[in-house]
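One structure below.
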Amino acid sequence: VQLQASGGGLVQAGESLRLSCAASGNTYSINAMGWYRQAPGKQREFVAAMTGRFNTNYADSVKDWFTISRDNAKTTWYLQMDSLKPEDTAIYYCAADPLEPAMWGFYGMDYWGNGTQVTVSS
């Protein structure tokens with residue numbers, strides 16, 4: 001499985017961005033898909049995930065402002081980020097896993113895409 005993230009950019013606080021992740025290869029094996037982020041000087045952290053059955057999970061820090069969604073074919077998923085804050089500045093990575101429990105963000109995912117930079121200015 002190959003993943004390609006896009007949609008990052010520079011925005012002001014309070015604005016929105018929509019990230020996309022395009023999957024190719026053995027996409028039928030994907031049962032959990034999601035997003036992680038890594039801010040400068042910090043460890044990579046879980047942001048949001050969704051299963052093939054549309055169950056979702058969010059980090060507490062984003063659950064009121066971010067929304068994960070996907071297409072029916074599980075080949076593209078999105079992260080709608082509203083009311084962005086400077087602390088949301090990070091490189092955002094899309095990820096996928098063959099197992100649904102990966103949606104809980106406890107142990108990462110097997111497949112990783114490139115990162116896309118999101119910068120939120122105050």
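Scope of the values below: all heavy atoms of this structure, side chains included, with no hydrogens, waters or symmetry mates.
Counting only heavy atoms from C-beta outward, the side chains of R44 and I91 never approach each other to under 4.5 Å. Side-chain contact between Q38 and Y92 is absent, with no heavy atoms from C-beta onward closer than 4.5 Å. A heavy-atom distance below 4.5 Å is not found between the side chains of M103 and M50.
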What donor-acceptor contacts under 3.5 angstrom involve side-chain atoms of residues 9-23, with partners at least two apart or in another chain?
from	atom 1	to	atom 2	distance (Å)
E15	OE1	Q12	N	3.0
S16	OG	D82	OD1	2.8

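Side-chain atoms of D71 come within 3.5 Å of backbone atoms of T76 as a donor-acceptor pair (strictly under, hydrogens ignored). Side-chain atoms of N57 do not come within 3.5 Å of backbone N or O of A49 as any donor-acceptor pair. Under a 3.5 Å cut-off, the side chain of D97 and the backbone N or O of L99 do form a donor-acceptor pair. Between the T67 side chain and the Q80 main chain, no donor and acceptor come within less than 3.5 Å of each other. Formation of a donor-acceptor pair under 3.5 Å by the T27 side chain with backbone atoms of S24 is not found in this model.
Transitive grouping of hydrophobic side chains (ILVMFWY, heavy atoms separated by less than 4.5 Å) brings V47 and F54 into a common cluster. Hydrophobic clustering (ILVMFWY, side-chain heavy atoms < 4.5 Å, transitive): L79 and V62 are in one cluster. Hydrophobic cluster membership is shared by Y58 and V118, with clusters built from Ile, Leu, Val, Met, Phe, Trp and Tyr side chains linked at under 4.5 angstrom. Y93 is not connected to Y111 by any chain of hydrophobic side-chain contacts under 4.5 Å among Ile, Leu, Val, Met, Phe, Trp and Tyr, and they are in different clusters. In the hydrophobic clustering of ILVMFWY residues, with side-chain heavy atoms under 4.5 Å counting as a link, M109 and I30 come out apart.
The distance from the CG atom of N114 to the CD atom of Q2 is 12.0 Å, given to the nearest 0.5 Å. Rounded to the nearest 0.5 angstrom, M81 CE and R37 CZ are separated by 9.0 Å. Separating the CG atom in D88 from the CH2 atom in W65 is a distance of 8.5 Å, to the nearest 0.5 Å.
Across every non-hydrogen atom of N26 and S29, the tightest pair is O-OG, 2.7 Å. Taking each heavy atom of A5 and C94 in turn, the nearest pair found is CB-SG, 3.8 Å. Shown here for A32 and A102, the closest heavy-atom pair between the two residues is CB-CB, 4.1 Å. Minimum interatomic distance between G7 and T116 (heavy atoms only, all atoms of both residues): N-OG1, 4.0 Å.
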Take E100 and R53 through the test side-chain contact (heavy atoms from CB on, under 4.5 Å) and record every step on the way to the result. CA-CA 9 Å; E100 282 194 350; R53 295 183 288 175; 2.6 Å; yes

Decide side-chain contact (heavy atoms from CB on, under 4.5 Å) for N31 and T51; before the verdict, give the C-alpha distance in whole Å, the side-chain angles of both, and the deciding distance to 0.1 Å. CA-CA 5 Å; N31 287 298; T51 68; over 6 Å; no

Carefully, step by step, assess S69 and W77 under the rule side-chain contact (heavy atoms from CB on, under 4.5 Å). CA-CA 6 Å; S69 61; W77 52 98; over 6 Å; no

Does the pair W112 and L3 meet the rule for a side-chain contact (heavy atoms from CB on, under 4.5 Å), with working shown? CA-CA 6 Å; W112 291 88; L3 306 178; 5.6 Å; no

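Taking the six-membered ring for Trp, F46 and W35 have ring centres at least 6.0 Å apart.
Salt bridge D60/K63: present, at least one basic N to carboxylate O contact under 4.0 Å.
Note that R70 lies outside the cation-pi zone of Y78, set by a 6.0 Å cut-off to the ring centre and a 45° limit from the axis.
A donor atom on one side chain and an acceptor atom on the other are found under 3.5 Å apart for T119 and Q117.
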